[in-house]
Structure formats: structure tokens, C-alpha cells
Amino acid sequence: MIKNILVTGANGQLGSEIKQLSESLSNYHFTFTDVDELDITNKQDIESFIIANKIHIIINCAAYTAVDKAESEKQLADEINHFAVKYLAEVAKAKHVQLIHISTDYVFDGKGFKPYTDEDDKNPLNVYGKTKLEGEKALLEINPEGAVIVRTSWVYSSFGNNFVKTMLRLGEDKMELNVICDQVGAPTYARDLASCILQNLLDPTNKEAMVYHFTNEGVCSWYDFALEIMSLGEKECKVKPIPTSAYPTPAQRPFYSLLDKSKIKEDYNIDIPYWKSSLKKCIEKIQIDSSESLNFKDAKQEK
Ligand SMILES: NC(=O)C1=CN([C@@H]2O[C@H](COP(=O)(O)OP(=O)(O)OC[C@H]3O[C@@H](n4cnc5c(N)ncnc54)[C@H](O)[C@@H]3O)[C@@H](O)[C@H]2O)C=CC1
């Protein structure tokens with residue numbers, strides 16, 4: 001039987017990567033929606049959509065991800081990251097739909113000194129982290145069969161806006177850039193996460209909801225990450241390390257947010273790429289995409 005998969009938030013980084021990778025999967029039928037087609041804060045709309053499209057699996061890539069803005073938009077962040085996840089879980093449970101949901105390292109306070117396991121104490125420092133944690137709790141309480149929560153961190157992609165693209169752009173314009181060196185974690189190429197979800201999580205054996213951690217392998221600070229981006233992107237911009245205290249932001253962020261990935265690696269017997277190898281692939285893709293779009297513009301001008 002061909003299973004019908006609904007991907008929400010499909011115009012975002014992870015949703016776009018899933019869309020691209022899904023083209024090579026023939027035993028599933030995918031439907032991609034973003035807020036204009038299906039607003040996940042409306043439970044009735046979720047239910048009608050699931051029934052009308054005979055959905056078997058939901059991959060929820062929709063989220064409120066503006067970490068600093070969330071501090072002043074708590075209600076909206078709560079509606080999308082908390083209540084909408086509760087609605088998805090309720091519908092999934094009632095209609096026997098499998099739910100794959102994505103969460104964040106920001107549910108932890110970063111005061112630890114060894115990689116966080118899925119069971120470590122949660123203590124989010126900011127509104128975004130708090131709303132994501134409430135979403136997780138709602139899902140785990142409702143506990144739809146086969147549900148999975150995947151926590152990830154520092155997500156980037158050739159799609160959408162992210163740290164990698166910002167650094168490449170600033171690296172073009174600036175001679176020098178200050179980047180925080182005392183927040184440590186692991187970057188995640190959204191394509192690797194998308195691939196892990198599609199290859200491993202679509203045929204669940206779990207009766208109870210599971211929580212996994214997925215990031216690329218290795219560890220770095222934002223400063224290390226920026227240095228590598230400039231090097232791979234061949235930018236001459238000098239990157240200087242600064243402490244968090246020198247760059248105040250509305251949302252407080254954890255100093256240490258490395259996630260322990262042993263559970264997902266053991267359960268699915270997978271190897272996860274090292275962060276520098278994945279970053280190289282993503283930057284190559286960004287460069288190809290940008291030269292193709294320049295060629296397209298040139299061709300249009302010539303017409
Ligand atoms: N971006 C990051 O650095 C991190 C992301 N995550 C999580 O990973 C997941 C995927 O993140 P990204 O792809 O980076 O996010 P993104 O911000 O690129 O995409 C989110 C998508 O959700 C859509 N959306 C927002 N409200 C919606 C609604 N009411 N109904 C339907 N769609 C709605 C947006 O239009 C957008 O296309 C999210 O759950 C996020 O919380 C976790 C850790 C870090």
C-alpha cells in the first residue's frame with residue numbers, strides 16, 4: 001500500500017529539503033503544505049485535511065522559529081509551537097496517523113558540560129524554547145502510536161535564511177566580523193536530517209512516542225562555524241571571537257547545547273556525517289544555485 005504523507009511548514013528549510021529528497025521515493029505519496037494551504041493552528045482544518053487526503057503520516061516541519069522576536073510575540077509562538085502540536089497530536093491519535101515532530105536543543109538551559117540525552121532536565125531559557133517544550137509535553141501526554149519527536153540544533157540549508165547564508169553574504173561585504181565564541185553546540189544540515197527522517201522514521205515499531213536527538217557529528221562554537229564558512233566560501237573577511245556578553249540579544253541562549261545522538265544511531269544503525277563535510281556540501285549547493293539563478297537572469301535579459 002502506498003502511504004500518504006503530509007509535510008507541514010513545507011516552505012521552510014527542513015520542509016524544502018524533504019520535498020527535494022522525496023522526489024526519489026516512489027512508495028509514498030507526499031502532500032506539501034505551508035500556512036497558506038494548511039494553518040496548523042486550526043484544529044478543524046487539520047482534521048478535515050487528514051480525512052480528505054487520507055493521510056497516514058504527518059511530518060511537522062512548521063514552527064515559529066524567530067528566536068529573538070518570540071520574546072515579544074509569545075502568544076503567536078505559543079499557538080504555533082505548543083497548541084498546534086497539541087492539535088496535530090490529538091488528530092493523529094484519533095485518526096491513527098503517525099506523527100513526526102521536530103523540536104530543539106533550546107529546551108535545555110546549556111548549563112551542562114556533557115551532551116544532553118533526551119531524558120536530561122529541561123529548563124528553556126527563552127520563549128521559543130519554552131513554547132517548543134510545551135509542544136513536546138502535549139505530544140507526549142497525548143501519545144499517539146508511532147509518534148516521534150526529533151530534537152535538533154543550529155539548522156541550515158541552501159533553502160531559506162540561516163547563519164551560513166548570512167555569513168556568506170556578510171563575508172562578501174565586510175572585511176571583519178565579530179562572532180560569539182562561548183556558545184557551543186553542533187550545526188545540522190537540514191538535508192541530513194531530512195534524509196534521516198525519510199530513510200528511518202517512516203515505518204515505526206514504537207507503540208509509545210519516542211524522543212530522538214539528531215545533529216551533525218562534532219562540536220563547535222558559532223565562531224568556529226563562521227570561520228569554516230568563510231574558509232569554504234573563500235571569503236577574505238576576518239572573523240573575530242567575542243563573548244556572548246558583548247552581543248546582547250532579546251532572547252537568552254544556552255552556552256552549551258550539544259545533543260547526545262546515541263539513541264537514534266543505535267536504534268537505526270546509522271552513521272551521521274561530520275559537520276564540516278556537510279557544511280562543504282551545502283555551500284557547494286548554495287554556490288551552484290546562485291550561479292544558476294545568475295545564468296537564468298542573464299538569459300532573461302538577453303530575450
Ligand atoms: N532553524 C533552526 O536553527 C532550528 C530549528 N529547529 C526546529 O526544526 C524545525 C524546522 O525548522 P526550519 O525548517 O528551520 O524552520 P523554518 O522557519 O525554515 O520553517 C518553518 C515553516 O513553518 C511555516 N509555518 C509557520 N507558522 C505556520 C502555521 N501556523 N501553519 C503552517 N505552517 C506554518 C513557515 O511559513 C515556514 O515555512 C522546527 O520545528 C524548528 O523549531 C530546531 C532547532 C534549530
Side-chain angles (χ1 to χ4, degrees), residues 1-43 45-65 80-82 84-104 132 135-136 138-140 142-153 155 157 159-160 188-206 209-215 264 267-268 270:
M1 183 186 78
I2 290 193
K3 283 189 180 173
N4 297 321
I5 303 184
L6 164 64
V7 180
T8 60
N11 296 344
Q13 302 189 80
L14 181 61
S16 300
E17 296 286 3
I18 291 179
K19 193 185 279 177
Q20 205 164 60
L21 289 176
S22 70
E23 286 161 14
S24 60
L25 293 181
S26 54
N27 41 345
Y28 298 98
H29 174 265
F30 285 83
T31 304
F32 294 93
T33 61
D34 208 282
V35 63
D36 291 343
E37 299 82 32
L38 176 62
D39 181 345
I40 61 162
T41 62
N42 187 322
K43 186 177 172 186
D45 285 355
I46 300 173
E47 196 164 357
S48 311
F49 198 96
I50 297 295
I51 295 169
N53 295 281
K54 299 188 173 61
I55 297 297
H56 302 102
I57 303 170
I58 303 170
I59 308 178
N60 181 33
C61 300
Y64 181 105
T65 55
I80 301 169
N81 292 345
H82 170 199
V85 180
K86 178 171 178 278
Y87 303 150
L88 286 167
E90 285 169 351
V91 174
K93 176 134 182 148
K95 302 291 170 202
H96 305 287
V97 168
Q98 188 206 347
L99 177 59
I100 300 171
H101 173 65
I102 317 301
S103 193
T104 171
K132 292 292 288 187
E136 286 188 8
L139 190 157
L140 293 171
I142 296 158
N143 201 11
E145 192 170 320
V148 170
I149 295 172
V150 186
R151 290 196 196 111
T152 185
S153 65
V155 176
S157 161
F159 298 101
T188 305
Y189 184 15
R191 195 171 191 82
D192 292 337
L193 174 55
S195 166
C196 173
I197 291 171
L198 296 180
Q199 284 178 25
N200 302 293
L201 302 182
L202 300 182
D203 292 300
T205 49
N206 50 308
M210 299 282 284
V211 182
Y212 286 117
H213 287 170
F214 184 98
T215 69
I264 200 162
D267 281 4
Y268 296 99
I270 53 171

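- Taking both residues in full, the closest heavy atoms of Ile270 and Cys196 are given as CD1-SG, 3.9 Å, listed atom of the first, atom of the second, then distance.
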CA sep, side-chain torsions, deciding dist, call: Thr8, Ile59, side-chain contact (heavy atoms from CB on, under 4.5 Å): CA-CA 6 Å; Thr8 60; Ile59 308 178; over 6 Å; no
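- Looking at Leu6 and Asn53, their side chains never come closer than 4.5 Å, going by heavy atoms from C-beta outward.
- Judged purely by atom type and a 3.5 angstrom limit, Asn4 has no side-chain atom pairing as donor or acceptor with the backbone of His56.
- No side-chain heavy atom of Ser103 sits under 4.5 Å from any side-chain heavy atom of Val85.
- When side chains are defined from C-beta on, Thr152 does not count as touching Thr104, because their heavy atoms never get closer than 4.5 Å.
- Counting all heavy atoms, side chain and backbone alike, Lys132 lies closest to Ala63 at NZ-CB, 3.8 Å.
- Between Asn42 and Tyr87, the side chains place no donor N or O within less than 3.5 Å of an acceptor N or O (distance only, hydrogens not considered).
- Considering CD1 of Ile57 and CD1 of Ile50, their distance stands at 11.0 Å, rounded to 0.5 Å.
- Rounded to the nearest 0.5 angstrom, Tyr268 OH and Gln199 CD are separated by 12.5 Å.
- For the atom pair CG (Leu25) and CZ (Phe30), the distance works out to 5.0 Å, reported to the nearest 0.5 Å.
- Taking CD1 of Ile5 as the reference point, atom CG of Leu202 lies at 4.5 Å (rounded to 0.5 Å).
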Residues Ile58, Leu88; criterion side-chain contact (heavy atoms from CB on, under 4.5 Å); working and verdict: CA-CA 8 Å; Ile58 303 170; Leu88 286 167; 4.2 Å; yes
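- For the pair Lys3 and Tyr28, the cation does not sit on the ring face, since its NZ or CZ is not both under 6.0 Å from the ring centre and inside 45° of the axis.
- In this structure, Ala194 and Leu21 approach most closely via the heavy-atom pair CB-CD1, 3.8 Å.
- Test Arg191, Gln13, Glu17 against Ser157 for side-chain hydrogen bond (donor to acceptor under 3.5 Å, both in side chains) and you get one pass: Glu17.
- A salt bridge links Glu90 with Lys86: the closest approach of a Lys/Arg side-chain nitrogen to an acidic carboxylate oxygen falls below 4.0 angstrom.
- Once rounded to the nearest 0.5 Å, the distance linking CG of Leu139 with CD1 of Ile149 reads 4.5 Å.
- Using a distance-only test at 3.5 Å, with no hydrogens or angles considered, no donor-acceptor pair links the side chain of Asn11 to the main chain of Asp34.
- For the pair Phe159 and Gln20, the minimum side-chain heavy-atom distance is below 4.5 Å.
- Judged by distance alone, with hydrogens and angles left aside, the side-chain atoms of Asp45 form no donor-acceptor pair with the main-chain N or O of Leu38 at under 3.5 Å.
- Listed for the Asp39 side chain is no donor-acceptor partner under 3.5 Å among the backbone atoms of Val35.
- In summary, Glu136 and Arg151 engage in a salt bridge, as defined by a charged side-chain N under 4.0 Å from a carboxylate O.
- In this structure, OG on Ser22 lies 7.0 Å from CG on Leu198, to the nearest 0.5 angstrom.
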Candidate pair Ile102 and Ile197, rule side-chain contact (heavy atoms from CB on, under 4.5 Å), full reasoning: CA-CA 10 Å; Ile102 317 301; Ile197 291 171; 3.8 Å; yes
Test side-chain contact (heavy atoms from CB on, under 4.5 Å) applied to Asn200 and Asp267, step by step: CA-CA 9 Å; Asn200 302 293; Asp267 281 4; over 6 Å; no
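- Pairing each heavy atom of Leu201 with each of Gln98, the nearest pair is O-NE2, 2.9 Å.
- Using modelled atom types, one finds no donor on one side chain facing an acceptor on the other under 3.5 Å when comparing Thr188 with Thr215.
- Two residues are said to be in side-chain contact when any heavy atoms from C-beta on lie closer than 4.5 Å; Val211 and Leu140 meet this criterion.
- Within the 4.5 Å cutoff, side-chain heavy atoms of Lys43 are placed close to those of Val91.
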